[in-house]
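These numbers were taken from a predicted model, which means no experiment stands behind them.
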Amino acid sequence: MTVQRSRHAPESEDERPTVAQTTSRRWLGWMVTAVALVVVIAGSLAIGSRDIPLDVVWKALVHGADSSSDAVVVLDLRVPRTVAGIAAGLALGVSGALIQAVTRNPLADPGILGVSAGAAFFVALAVVVLSITAIEGYLWFAFLGAFVATVVVYLIGSTGRGAASPAKLTLAGVALGAVLAGITSAMLLADPEAFNALQSWNAGSLQGRDWAVILPVLPFLLVGLLIAGGIARPLNAISLGDDVSLSLGVNVVLVRALSLVAITLLAGGATAIAGPIAFVGLMVPHVARWIVGPDQRWILAYTLLLAPILLLVADIVGRIALRPGELPVGIVTACLGAPVLIVLVRRARVSGL
């Protein structure tokens with residue numbers, strides 16, 4: 001008689017995958033995800049208020065603009081819009097992964113912790129009060145707002161008894177984000193011209209984004225990504241706690257300071273491009289963690305691909321949901337992210353990573 005092992009029983013030493021096998025599976029999954037991103041990019045270029053065949057899209061990309069209106073739509077409208085979605089998506093995803101790792105808060109992301117709302121508030125302040133309408137001007141206000149909001153939320157969450165817990169940081173971020181969003185809306189309503197100019201942006205949108213908006217932000221996003229990649233290994237130690245990190249020789253203060261710089265650059269740059277978009281930085285790192293485990297290096301690697309996929313898919317859904325009109329991508333991500341947040345809050349192990 002053969003005794004079958006329960007499917008829930010722990011694996012024996014011989015059945016556990018080796019480090020090489022685990023790495024190979026992660027690389028294979030990463031390459032599959034990269035192919036999925038290419039497919040989504042093709043869809044972003046082809047799908048819109050009117051669909052354009054993929055062969056026409058390819059000809060426009062290879063041979064440049066011609067007399068056809070389809071080629072002009074692809075090159076002048078959809079290519080910059082798709083690049084904006086990729087840039088904003090990876091910036092929001094990586095900044096969310098950094099916030100979750102540094103604060104050890106699985107509910108953290110730039111939207112929930114009020115970072116995006118802070119950047120949006122300072123941008124609206126620059127446009128309404130100082131009449132700054134060029135991205136080269138209000139970009140710096142987006143960075144400043146992201147930095148101030150991050151620091152304020154952490155300070156509020158650290159007050160009282162005990163350290164900054166996930167619940168305290170989340171409540172502080174939601175409260176600060178709500179206050180700043182309300183003030184931002186009031187400022188825009190008080191100035192009709194600014195309201196018309198920023199109405200779509202304030203809802204979180206990729207519509208009408210051109211190279212003049214995208215190119216000034218890309219260098220800052222690149223610096224933020226490089227910093228994030230450089231601190232990925234120390235973040236693994238920080239996730240174990242400060243005492244363990246110090247015993248392993250990790251400079252906790254330096255890593256957190258660099259994380260703050262990277263979060264400011266990434267969240268501020270993404271907000272400058274697409275406006276305040278929530279939940280991307282919350283959902284994507286969790287999906288990456290489910291796939292590859294707690295290794296921050298692989299979480300960041302998968303987030304670089306999964307976050308643009310999510311944002312571009314949400315943008316495509318927004319284009320076709322109200323044809324010939326359009327639904328801002330920030331509304332679509334909110335509809336997707338709210339149920340995910342509810343599920344995460346109800347999980348028993350939500351208190352830490």
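Here CD1 of Ile231 is found 11.5 Å from CG of Leu226. Values are rounded to the nearest 0.5 Å. The CG atom of Leu305 sits 6.0 Å away from atom OG1 of Thr33, with the distance rounded to the nearest 0.5 Å. Here the CD1 atom belonging to Ile214 is positioned 9.0 Å from the CZ atom belonging to Arg209, to the nearest 0.5 angstrom. Interatomic distance, OG1 of Thr271 versus CG of Leu92, reported as 6.5 Å (0.5 Å rounding). To the nearest 0.5 Å, atoms CG (Leu225) and CG (Leu300) are separated by 9.5 Å. Atom CZ of Arg78 sits about 8.0 Å away from atom CG of Leu45, to the nearest 0.5 Å.
A 4.5 Å side-chain heavy-atom check between Thr264 and Ser95 finds every atom pair outside the cut-off. Counting heavy atoms from C-beta outward, Arg25 and Thr22 have side chains that stay 4.5 Å or more apart. At a threshold of 4.5 Å between non-hydrogen side-chain atoms, the residues Asn236 and Pro294 do not count as touching. Contact of the Ile132 side chain with the Val127 side chain is not registered, since no non-hydrogen atoms from C-beta on lie closer than 4.5 Å. Proximity of Val329 to Leu311: side-chain heavy atoms (C-beta onward) are separated by under 4.5 Å at one or more points. Put simply, the side chain of Val40 does not reach to within 4.5 Å of the side chain of Ser44, judged on heavy atoms. With contacts defined as side-chain heavy-atom distances shorter than 4.5 Å, the pair Gln207/Arg81 qualifies. The shortest distance between side-chain heavy atoms of Val213 and Asp210 falls below 4.5 Å.
Nearest heavy atom pair, residue Gly118 against residue Leu180, reads CA-CD1, 3.6 Å. The two residues Gly93 and Ala307 make their nearest non-hydrogen contact at CA-CB, 3.8 Å. Of all heavy-atom pairs between Ala228 and Val94, the closest is CB-CG1, 3.8 Å. Looking at every heavy atom in both residues, Ala274 comes nearest to Leu206 through CB-CD2, 3.7 Å. Here the shortest heavy-atom pairing between Ala270 and Leu221 reads N-CD2, 4.2 Å. The two residues Ala119 and Ala142 come nearest to each other via the heavy atoms CB-O, 3.3 Å.
The residue from Val280, Val313, Leu310, Ile331 that alone fulfils the side chain to side chain contact (heavy atoms under 4.5 Å, CB included) condition with Leu336 is Leu310. Screening Leu304, Leu306, Ile309 against Leu37 for a side chain to side chain contact (heavy atoms under 4.5 Å, CB included) leaves a single residue, Ile309.
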Would Leu218 and Leu215 count as a side-chain contact (heavy atoms from CB on, under 4.5 Å) if you check the C-alpha gap in whole Å, the side-chain angles of each, and the deciding distance to 0.1 Å?
CA-CA 5 Å; Leu218 292 183; Leu215 292 179; 4.0 Å; yes
Leu260 vs Val151, side-chain contact (heavy atoms from CB on, under 4.5 Å): CA-CA, chis, key distance, verdict
CA-CA 9 Å; Leu260 180 59; Val151 173; 4.2 Å; yes
Residue pair Leu61, Val79: steps toward the side-chain contact (heavy atoms from CB on, under 4.5 Å) verdict:
CA-CA 9 Å; Leu61 294 175; Val79 169; 3.8 Å; yes
Start with the C-alpha gap between Leu327 and Val332, add the side-chain angles, then the distance that decides, and say whether side-chain contact (heavy atoms from CB on, under 4.5 Å) holds.
CA-CA 7 Å; Leu327 197 63; Val332 178; 3.8 Å; yes
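Atom CH2 of Trp58 sits in a sparse spot, with 12 or fewer heavy atoms from other residues, nucleotides or ligands closer than 6.0 Å. Taking a 6.0 Å sphere around CZ of Arg297, one finds it holds more than 12 heavy atoms contributed by other residues, nucleotides or ligands.
A donor-acceptor pair is defined here as one N or O able to donate and one able to accept, closer than 3.5 Å; no such pair exists between the side chain of Arg319 and the backbone of Gly48. Listed for the Asp109 side chain is no donor-acceptor partner under 3.5 Å among the backbone atoms of Gly96. At distances below 3.5 Å, at least one donor-acceptor pair connects side-chain atoms of Arg26 with backbone N or O atoms of Val292.
Using the six-membered ring where Trp is involved, Tyr302 and Trp298 have ring planes that are tilted, between 30° and 60° apart. Using bins of under 30°, 30° to 60° and over 60° for the plane-to-plane angle, the ring pair Phe143/Phe220 lands in the tilted bin.
A side-chain donor-acceptor contact under 3.5 Å links Gln100 and Arg289. For the residue pair Ser69/Arg50, the side-chain donor-acceptor check at 3.5 Å is satisfied.
Under the 4.5 Å side-chain contact rule for hydrophobic residues, Val35 and Ile86 do not share a cluster. No continuous path of ILVMFWY side-chain contacts below 4.5 Å connects Leu222 to Trp211, so the two sit in separate hydrophobic clusters. Clustering ILVMFWY residues whenever any of their side-chain heavy atoms sit less than 4.5 angstrom apart, transitively, puts Trp140 in the very cluster that holds Val129. The cluster map of Ile, Leu, Val, Met, Phe, Trp and Tyr, joined by side-chain heavy atoms under 4.5 Å apart, puts Ile291 and Met31 in the same cluster. Following chains of ILVMFWY side-chain contacts shorter than 4.5 Å, one can reach Leu189 starting from Phe122, so the two form part of one hydrophobic cluster.
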